[in-house]
Amino acid sequence: MARYDFDLFVIGGGSGGVRAGRVAAGLGKKVAVAEEYRFGGTCVIRGCVPKKLFVYASQFPEHFADAAGYGWTVPEASFDWPTLIANKDREIGRLSGIYQQGVEKAGGTAIHSRATLVDAHTVHIENENRTVTADQILIATGGRPNPHAALPGHEYCIFSNEVFDLPELPKSIVIAGGGYIAVEFANIFHGLGVETTLIYRGKEILGRFDMDMRRTLHAAMEKKGIRVLCHTIFEEIQKNDDGRLAAIVTGGEVLVADQVMLAIGRIPNTEDLGLENVGVEIGVKGEILVDALSRTNVDNIWAIGDVTDRVQLTPVAIHEAMCFVETAFKDNPTEPDLDCIATAVFSQPEIGTVGLSEDEAAKRFAALEIYRASFRPMRNVMANRDDRMLAKLVVDADTRLVLGAHILGPDAGEMAQLLGISLKAGLTKDDFDRTMAVHPTIAEELVTMYKPSYLIRDGERIETA
Ligand code: NDP
């Protein structure tokens, strides 16, 4: 008789947990995946997927406006928020089903319940009030928005969870944060016709990205009509008698809006999981501490994805899941490779990026060549739209290695995926130069920037002749 009920018990049915469970089950392992809410986790249910659908919805007004330059007369358009929500719900319902079926079709058991640790090999399934045992346990419980409990009136705010199911589209919104979520939602709401203000505590939105991209996006957002206030934080949120919210910000200005959204980072879901019953160590933010193989300090307990607070991205959680299966079930210890991750911000215009920013590269390399092109995409000219595209390559002058590639403009995210392969493969600027352009495209600019726009020597910018 088997020593345990399961070879693997996964707590959390998001992108990482489902992938690990499905692949392990496919290897013939006896697997259960427990999910307390809906299979699919943050990405599918209240993250990347519905966000992208909202991005598409918010882009239509610009498409309608651009159409005139191409000879189209578009009748006055109107937008129905409940239709968007209902169609989005249908789509995520479909995807959630696919996630659950993925586990089941591979031979695993999908359990709809919260699950907590009793001891190193025992899990309590709350909805069924029973315990099961497992040889290996994987924690993939993800994270949730930081509630900003220290902010007076934070209870009036919405977060990236509620934003997907608001009963009605607000007429005005103030969003706090300068990261992916705040910037993406500022653009979504503005595109949907909402009067939008973004407030950020730092000097420039999107810390960690290339400064050129940050400044250019900031300027583009303001030009569209989004109010962006840097060096600004909320002091207090109050509810007015008419139900609207008054956000008091640094300096005393009061921003009145229908909704106030906080997007100031996410915190790991590690409370009440029974970690203390087993002695699994957590860090200062509550994240589960793991070694390079995603193993906790307890030998048979592992953790992947946002709950470990390494890099909070869906593809990272999926990659960590694949490495975990290699390590735990294929006798092939595999460390997740988190170097050179391509990523996109689905702002409008979009940012796609991979590798080092100019500033980061300048700290690490003595001599850089910066190739930079700013131009108006062909499509925008006849549309009479001013939005410009920005493409930038950061190159190590000594080895010719392309260290960073940054793009702002239409489909920048799609381009970042392909550039990610080039940078991961360690291609040089000469390889880019040898590559034939695809014409006419926006992306051809990436292989046609022959002369550096400027140089960086020991951190100093040097103009080229
Ligand atoms: P981010 O870490 O991207 O940004 C958090 C922002 O909140 C930063 O601008 C930060 O400022 C600011 N902040 C933090 N604490 C405070 C505070 N106390 N008061 C005011 N501002 C504060 O987090 P998000 O919430 O935007 O997104 C969470 C994660 O989800 C991201 O790490 C990202 O990896 C992932 N995500 C990815 C997406 C994508 O790939 N397109 C889309 C959406 C989310 P500062 O810069 O000064 O630290």
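Atoms within a ligand are numbered from 1 in the order they appear, just like the ligands themselves. If you're wondering where the values come from, they're calculated on a predicted model, not measured in any experiment.
In terms of protein heavy atoms, atom 39 (C) of ligand 1 is closest to Y180 CD2, 3.2 Å. Ranking the protein heavy atoms by distance from atom 4 (O) of ligand 1 puts G179 CA, 3.3 Å first. In terms of protein heavy-atom proximity, atom 47 (O) of ligand 1 is closest to R201 NE, 3.0 Å. At the shortest separation from atom 23 (O) of ligand 1 among protein heavy atoms lies G265 CA, 3.5 Å. For atom 46 (O) of ligand 1, the closest non-hydrogen atom on the protein side is Y200 OH, 2.7 Å.
In the vicinity of I181, heavy-atom distances shorter than 4.0 Å reach the ligand 1 atoms 24 (P), 25 (O), 26 (O), 27 (O), 28 (C), 43 (C), 44 (C). Short contacts between ligand 1 and A263, defined as distances under 4.0 Å to a heavy atom of the residue, involve ligand atoms 6 (C), 7 (O), 25 (O). Heavy-atom contacts of L313 reach the following atoms of ligand 1: 34 (O), 37 (C), 40 (O) (cutoff under 4.0 Å). Using a 4.0 Å cut-off to heavy atoms of K51, the atoms of ligand 1 that qualify are 41 (N), 42 (C).
When the heavy-atom distances from atom 21 (N) of ligand 1 to T343, I233, D309, I264 are ranked, the shortest goes to I264. Checking A150, G178, A182, P145 against atom 9 (O) of ligand 1, the nearest heavy atom belongs to G178. Between the choices K203, E184, Q312, R208, the shortest heavy-atom distance to atom 42 (C) of ligand 1 belongs to E184.
A salt bridge is absent between R114 and D272: the closest approach of a Lys/Arg side-chain nitrogen to an acidic carboxylate oxygen does not fall below 4.0 angstrom. Using a 4.0 Å cut-off between a side-chain N of Lys or Arg and a carboxylate O of Asp or Glu, E358 and R372 do not qualify as a salt bridge.
Atom CD of E369 and atom CE of M449 lie 12.0 Å apart (nearest 0.5 Å).
Geometric assessment of R46 against the ring of F164 yields a negative cation-pi assignment under the 6.0 Å and 45° thresholds. For the pair K51 and F346, the cation does not sit on the ring face, since its NZ or CZ is not both under 6.0 Å from the ring centre and inside 45° of the axis.
Looking at A344 against ligand 1, only its backbone comes within 4.0 Å, counting heavy atoms.
Around the OH atom of Y454, the shell of radius 6.0 Å holds more than 12 heavy atoms that belong to other residues, nucleotides or ligands. Heavy atoms from other residues, nucleotides or ligands lying under 6.0 Å from CZ of R376 number more than 12.
Residues Y156 and V260 have side chains not in contact (no heavy-atom distance under 4.5 Å, counting atoms from C-beta outward). At least one side-chain heavy atom of P440 sits less than 4.5 Å from a side-chain heavy atom of M378.
Annotation: R266 places no N or O atom under 3.5 Å from an N or O atom of ligand 1; distance criterion only.
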